[in-house]
Amino acid sequence: MEPLFLYNTLTRQKEKFQPLNPPLVGMYVCGPTVYSDVHLGNCRTFISFDMIYRYLLHAGFKVRYVRNITDAGHLEGDLDEGDDKFAKKAKIEQVEPMEIVQKYTLGFHEVMALFNNLPPGIEPTATGHISEQIEMTKKIIVQGFAYVTNGTVYFDVEKYCTNNNYGILSNRKLDDLLTNTRELNGQDEKKGRLDFALWINAKPEHIMRWPSPWGWGFPGWHIECSAMSMKYLGEQFDIHGGGMDLIATHHTNEVAQSVACNSTQPVKYWMHTNMLTVNGARMSKSAGNGFLPKELFTGNHPLLERGYQPMVVRFFMMQTHYRSTLDFSNEALKASEKGFERMMNAIRLLDNLKISNSSSVNIAELKTLCYAAMNDDFNTPVLIAHLFDGVRLINSINDSKETITETDLVELKKLYHNFVFSVMGLKEETTAKNNDELAEGLMNAILAIRKEVRSKKDFTTSDLIRDELKKINIIVKDTKDGAVWEQEN
RNA sequence: GGUCCUGUGGCCGAGAGGCUAGGCUGAGCUCUGCAAAAGCUCCUACAGCGGUUCGAAUCCGCUCGGGACCUCCA
């Protein structure tokens, strides 16, 4: 197999992928903070990494995929004081914080399943790893990179910077970080402006709290990922992923914590997915321009003309490279829907293609092109372009304009099965498609009648049947092998 | 204010010094009783202005537009 190249945020270039301990691959992806519904932008990241996970598996790697659930410690704002997101939401909804966590964790899993994402091998929660986070914090203090103020433990960025490059991931200089920023207030406890909390002292009214060497409190946002990735993947592992928005703060701090704790760079390849935008602006929870997956599927949203099926949305995302912004619009979605249908129709044809003694099509070349696209930093849009070239071949073979041998056909089927289903994680949308026995029976009867009148050249009746069926979104097509029907959504 | 990314045909989106993306849409043709599907053909673009080069959408500079990060966010 040809080598795989991927873009490493750490070095800002594409690098040949060489795992630390092949064929094992350790991959950690920052999961959701479960205090509200995941929106489509969040989903894009998880879908992108699902594709990456799937391709690594397909390439023969033995991947340990860890994706966390953040269910504690994520504060509102960067003031390192006050309520965390769960406590705040719990107050609004008048329930326990863990009810919030449970509700949105279940919702998250439901959405992931709808998008046909494979579950990660390990899905650890922050609250399930409090002691690991405390241990790591202790070690960072021992190493001299953190200090305690009023029961809160802060990471000492300035101290860290004497021997380490804090801005290694974001490609920023410390001086710029210190000078170029907007005014923040309420930071009296910190020594340095960039310092961040590893452990946070819980105020009396704070519900989610655990005992620690520094009193009752809860973990900071960044420490969980460092502690949990270390626990399950080791002090050094291959891939750490997340959205690009996490680079500057969350991942920068993760690197600092791990280096301070273990004196080694924790991650070999940092991978980041780009943002989903709506009308050119980033989709985000705070901006209030987020789409919920459910709204997208049902079409129940002011900006949507109608609903789109999960696989159409997934295909839509696959048509853009994971490191490019993807702008969301009805037109783009509709175009993807048509294209997806076209591709799935061709794949269905694969089972009925006529075999010839020779091939007029070059399957080996197509296969080479597909792998080349994926090996070039998981370039799914280029992969799809090649697969559409193949769709034309399939249709031409079906129309007897091209020929294929049995061996080549087996290869071709394998190619589409591998790339479309296994790697891109797409599948047939089965909803309301010929799977209702009653509908099947009725349609057979109606089409039999239509066939009868057509044999008598009674096209008026024939067309009447077709037009009437169209009114209830049933499309009848006359092929050379007789009439077929399908339901439009 | 600082740092950085980006500007591709009607729309979406790849590519990245010389060859050509791909999807959707529109027009025409073939097939068909007619449709539909499918195939073929056409509409052949790289923000603007300069520069480097035999040659630039691709490199450099400037101008204009869009965006991200520096505050929580995938």
Side-chain angles (χ1 to χ4, degrees), chain A residues 12 29-33 35-36 38-49 74-79 84-85 167 170-173 175-184 194 221 241-250 272-277 280-287 290 315-316 319-321 323-343 345-346 349 373 376 379-389 391-392 394-396 398-399 401-402 454 457-460 462-463 466-467 470 475-480 483-484 486:
Chain A
R12 272 157 271 119
V29 172
C30 285
T33 302
Y35 70 98
S36 65
V38 281
H39 66 242
L40 206 64
N42 302 317
C43 292
R44 185 189 181 199
T45 293
F46 303 128
I47 289 170
S48 293
F49 280 104
H74 203 151
L75 290 168
E76 290 287 330
D78 191 34
L79 306 182
D84 66 21
K85 288 172 183 288
S170 60
N171 193 26
R172 291 217 175 90
K173 293 185 181 69
D175 285 351
D176 295 337
L177 287 169
L178 286 169
T179 19
N180 304 322
T181 188
R182 278 169 270 177
E183 290 296 313
L184 291 172
L194 294 171
W221 174 37
M244 273 184 181
D245 51 338
L246 298 180
I247 295 173
T249 307
H250 184 55
H272 292 96
T273 57
N274 214 136
M275 300 293 104
L276 183 69
T277 60
R282 171 185 171 185
M283 184 180 287
S284 77
K285 289 180 185 177
S286 49
F315 185 74
F316 167 68
Q319 280 187 297
T320 302
H321 188 81
R323 284 193 294 113
S324 298
T325 53
L326 170 57
D327 197 57
F328 184 89
S329 70
N330 276 293
E331 285 68 31
L333 237 16
K334 273 191 270 191
S336 286
E337 185 176 66
K338 283 241 183 178
F340 180 63
E341 275 302 308
R342 199 163 110 83
M343 181 160 296
N345 284 338
L349 281 179
D376 182 16
N379 199 327
T380 51
V382 169
L383 168 69
I384 289 172
H386 294 316
L387 290 173
F388 271 118
D389 285 337
V391 165
R392 194 178 309 113
I394 292 166
N395 286 326
S396 293
N398 188 239
D399 292 344
K401 285 171 184 158
E402 302 276 1
R454 279 165 63 80
K457 301 262 184 244
D458 178 4
F459 294 116
T460 314
S462 169
D463 289 349
R466 189 171 62 194
D467 293 344
K470 185 152 194 232
I475 309 299
V476 175
K477 295 177 192 173
D478 295 306
T479 72
K480 57 182 184 296
V484 296
E486 63 186 36

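Owing to the predicted nature of the structure, the values given are computational and were not obtained by experimental measurement. We name chains A, B, ... by the order of the sequence lines, and we start the count at 1 in each one.
At the heavy-atom level, A:M343 lies nowhere under 4.0 Å from the strands shown. A:D389 comes within 4.0 angstrom of sugar-phosphate atoms only, judged by non-hydrogen atoms across all strands, and of no base. Within 4.0 Å (heavy atoms only), A:S284 reaches at least one base atom of the nucleic acid. Among the protein residues, A:L276 comes within range of the nucleic acid bases, having at least one heavy atom under 4.0 Å from a base atom.
The P atoms of B:rG22 and B:rA14 are separated by 15 Å, rounded to the nearest whole Å. Taking the P atoms as reference points, B:rA21 lies 14 Å from B:rA57, given to the whole Å. Rounded to whole Å, the separation between the C1' atoms of B:rU20 and B:rC60 comes to 27 Å. Only the P atoms considered, B:rC43 is 34 Å distant from B:rU53, to the nearest whole Å. A distance of about 13 Å separates the C1' atoms of B:rA45 and B:rG7, rounded to the whole Å. Here, B:rG23 and B:rU8 have their C1' atoms 15 Å apart, quoted to the whole Å. Using atom C1' as the reference point in both B:rA38 and B:rC11, the two lie 24 Å apart (nearest Å). Straight-line distance between the P atoms of B:rG13 and B:rA56: roughly 28 Å, to the nearest whole Å.
A:F316 has its CZ atom 15 Å from the C1' atom of B:rG22, to the nearest Å. Going from atom CD of A:E341 over to atom P of B:rA38 covers 10 Å, rounded to whole Å. B:rA68 atom P lies 10 Å from atom CE of A:M275, rounded to whole Å. As rounded to whole Å, 15 Å separates atom C1' of B:rC5 from atom CG of A:D245. The CG atom of A:N330 sits 12 Å away from the C1' atom of B:rC11 (whole-angstrom rounding). The nearest whole Å value for the distance from the NE2 atom in A:H272 to the C1' atom in B:rA68 is 14 Å. Atom CG in A:D399 sits about 13 Å away from atom P in B:rA37, given to the nearest Å. Atom CZ of A:R392 and atom P of B:rA37 are 16 Å apart (whole Å).
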Atom pairs, protein N/O to nucleotides 13-19 of chain B N/O, distance under 3.5 Å:
unit_1	atom_1	unit_2	atom_2	d
B:rG13	OP1	A:D327	N	3.1
B:rA14	OP1	A:H321	N	2.8
B:rA14	OP1	A:S324	OG	3.2
B:rG15	OP1	A:N379	ND2	3.0

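Scored by the side-chain hydrogen bond (donor to acceptor under 3.5 Å, both in side chains) test, A:D376 finds A:K14 as partners (sequence neighbours excluded). Shown here are the salt bridge (charged side-chain N to carboxylate O under 4.0 Å, His left out) partners of A:D478, two or more places apart in sequence or in another chain: A:R450, A:R454, A:R466. Remark: A:N379 pairs with no residue by the side-chain hydrogen bond (donor to acceptor under 3.5 Å, both in side chains) rule, at least two apart or across chains. With sequence neighbours excluded, no residue satisfies side-chain hydrogen bond (donor to acceptor under 3.5 Å, both in side chains) with A:R342. For A:L349, the side-chain contact (heavy atoms from CB on, under 4.5 Å) test picks out A:I394, A:N395, A:N398, with sequence neighbours left out. Considering only residues two or more places apart in sequence or on other chains, A:N171 meets the side-chain hydrogen bond (donor to acceptor under 3.5 Å, both in side chains) condition with none of them. With sequence neighbours excluded, the residues forming a side-chain contact (heavy atoms from CB on, under 4.5 Å) with A:S48 are A:R44, A:T273, A:Y322, listed by chain and number. Remark: A:K401 engages no residue in a salt bridge (charged side-chain N to carboxylate O under 4.0 Å, His left out) (not counting sequence neighbours). With sequence neighbours excluded, the residues forming a side-chain contact (heavy atoms from CB on, under 4.5 Å) with A:K477 are A:I475, A:V484, A:E486, listed by chain and number.
Taken from CG in A:L383 to CD in A:Q319, the straight-line distance is 11.0 Å, to the nearest 0.5 Å. To the nearest 0.5 Å, atom CZ of residue A:F328 and atom OG1 of residue A:T320 are 12.0 Å apart. Distance CG/A:L333 to CD/A:E331: 9.5 Å, rounded to 0.5 Å.
Both A:G41 and A:A332 lie close to RNA chain B; mapped to their nearest nucleotides by heavy-atom distance, the more 5′-ward contact belongs to A:A332. Residue A:R172 is the one, among A:R172 and A:M283, whose nearest nucleotide of RNA chain B lies closer to the 5' end (criterion: closest heavy atom).
Distances were taken from every side-chain heavy atom of A:A385 (C-beta onward) to each of B:rC40, B:rG2, B:rA21; the shortest belongs to B:rA21.
Between A:S48 and B:rA74 there is no side-chain N or O to OP1 or OP2 distance below 4.0 Å. Under 4.0 angstrom from either OP1 or OP2 of B:rA38 there lies no side-chain N or O belonging to A:N398. Taking side-chain N and O atoms only, A:N395 has no distance below 4.0 Å to OP1 or OP2 of B:rA38.
The pair A:K470-A:D467 does not count as a salt bridge, with every side-chain nitrogen at least 4.0 angstrom from each carboxylate oxygen.
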Output one letter per nucleotide in nucleotides 24-36 of chain B: B when a protein non-hydrogen atom lies under 4.0 Å from the base, S when only the sugar-phosphate is that close, - when neither is. SS-------BBBB

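In this structure, A:D458 and A:T460 have side chains that are in contact, with non-hydrogen atoms separated by less than 4.5 Å.
Remark: RNA chain B forms stems of 3 or more consecutive Watson-Crick or G-U wobble pairs, all pair distances under 3.5 Å, at B:1-7 with B:64-70, B:10-12 with B:22-24, B:26-30 with B:38-42, B:47-51 with B:59-63.
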